[in-house]
Amino acid sequence: MAALALEDGARGQARGRRGCEHYDRGCLLKAQQTCEECSTLFGEYYCSMCHLFDKDKKQYHCENCGICRIGPKEDFFHCLKCNLCLTVNLQGKHKCIENVSRQNCPICLEDIHTSRIVARVLPCGHLLHRTCYEEMLKEGYRCPLCMRSALDMTSYWRHLDDEVAQTPMPSEYQNMTVDILCRDCNGKSTVQFHILGMKCNICASYNTVQSGGCRISVDQQ
C-alpha cells in the first residue's frame, strides 16, 4: 500500500502538483456542498472559503474576520478597529479598542474571536464571553481588566446615597476627608470619609479607591 501511495505521488508530480506538499498521493481534492454523481446534500450550509459544512443557522462568511459566523448577516456589522462582528445596535455606540477581539476572555482565558459564544462589549470597550459576563455579575460589577463599572450603576449609586445619609459616622470621623481616584472617570477629588463608600465629586460614582491619606480639619483637632 505504501509503495502504491508513493507511485501515485510520483505520477502526481509528473502531472503537476495537486494539493499540498504533505499529500503523498497527489489527488485533486474538491470540497462542495453536493455530490456531483448523486446530488446528495452534505450540508444545508456550506462555505467554500472555510470548507465548513453545517445545518442552516443563518450563517455567513465574514471576510474581515476570516471565519463563518452565525447570523443572520443583516443583524451584524464588522467593526474594523475592534476587528470583530458586533450586533448592529452597537454600531457607533461602543468604545473601540484596536484588535480587542484577538485578546482572550479575562474570565475563562479562552479565545473570543473564534468562539461560538457571543461576545459582550463592556462600556470600557473590553470583551467578555456573554456567559462569563453573566457569571461575573454574580460576584461584582467591575471589568476584570480596568476595574471600570461594567454596567449602568446609576440606580445603585442613588440607593447608596440614601444609605450614606442614614448612616452617620462617629463624631471623631465626621470631619475626616480623604483623596480618592474614580475608576469610572479617572478623576481625582477630596471627599468626606465614609465607611460605606466615597462618592466621586466629578461623575457621582462610588466606584472609587483611596489615593491618599486621611485628613482631619483643624477645628476637629
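Start at 1 with the first residue, then count along the sequence.
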Point to revise | side-chain contact (heavy atoms from CB on, under 4.5 Å) between Asp56 and Gln59, intermediate numbers included | key: CA-CA 7 Å; Asp56 184 13; Gln59 299 96 322; 3.8 Å; yes
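Although no hydrogens or angles enter the test, the distance criterion places no donor-acceptor pair under 3.5 Å between the side chain of Glu44 and the main chain of Asp54.
A continuous path of Ile, Leu, Val, Met, Phe, Trp and Tyr side chains, each step under 4.5 Å between heavy atoms, connects Leu122 with Tyr156, placing both in one hydrophobic cluster.
Taking the side chain as every heavy atom from C-beta outward, Leu84 and Val100 never approach each other to under 4.5 Å. Counting heavy atoms from C-beta on, the side chains of Lys188 and Ile180 never come closer than 4.5 Å. Between Met169 and His194 there is a side-chain heavy-atom pair separated by less than 4.5 Å. Looking at heavy atoms from C-beta onward, Asn201 lies in side-chain contact with Val191 at the 4.5 angstrom threshold. Side-chain contact between Pro144 and Leu128 is present, with at least one heavy-atom pair separated by less than 4.5 Å. Proximity of Cys146 to His126: side-chain heavy atoms (C-beta onward) are separated by under 4.5 Å at one or more points. Cys108 has its side chain within reach of His129: a pair of non-hydrogen atoms, C-beta onward, lies under 4.5 Å apart.
Within the structure, ring pair (Phe, Tyr, Trp, His ring centres under 6.0 Å) contacts touching residues 56-87 (residues at least two apart or in different chains) do not occur. Among pairs with a residue in residues 133-155, those fulfilling ring pair (Phe, Tyr, Trp, His ring centres under 6.0 Å) read Tyr141-Trp157, at least two apart in sequence or across chains.
Nearest approach of His51 to Ser48, heavy atoms of both residues: CE1-O, 3.3 Å. Nearest heavy atom pair, residue Pro106 against residue Leu127, reads CD-O, 3.5 Å. Among all heavy-atom pairs drawn from His113 and Cys65, the shortest one is NE2-O, 3.2 Å. Between Cys182 and Cys200, the shortest heavy-atom distance links the atoms CB-SG, 3.7 Å. Among all heavy-atom pairs drawn from Thr208 and Met198, the shortest one is OG1-O, 2.7 Å. Cys96 and His94 make their closest contact through SG-NE2, 3.4 Å (heavy atoms, listed as atom of the first residue, atom of the second, distance).
When the side-chain contact (heavy atoms from CB on, under 4.5 Å) test is applied to Val118, the partners found at least two apart in sequence or on another chain are Arg130. Partners of Asp179 according to the side-chain contact (heavy atoms from CB on, under 4.5 Å) rule, which considers only residues two or more places apart in sequence or in another chain, are Thr190, Ser211, Arg215. Applying the salt bridge (Lys or Arg N to Asp or Glu O under 4.0 Å) criterion to Asp111, with sequence neighbours excluded, gives no partner residue. Among residues two or more places apart in sequence or in another chain, the side-chain contact (heavy atoms from CB on, under 4.5 Å) test is passed with Arg183 by Arg142, Met147, Asn207, Val209.
Annotation for Glu74: atom CD counts as buried by contact number, over 12 foreign heavy atoms lying within 6.0 Å. Other residues, nucleotides and ligands contribute at most 12 non-hydrogen atoms within 6.0 Å of the CZ atom of Arg158. The local environment of CD1 in Ile195 is sparse, with at most 12 non-hydrogen atoms from other residues, nucleotides or ligands closer than 6.0 Å.
With 3.5 Å as the limit, one finds no donor-acceptor pair spanning the side chains of Ser101 and Asn83.
Rounding to the nearest 0.5 angstrom, the gap separating the NZ atom in Lys138 from the CE atom in Met136 is 12.5 Å.
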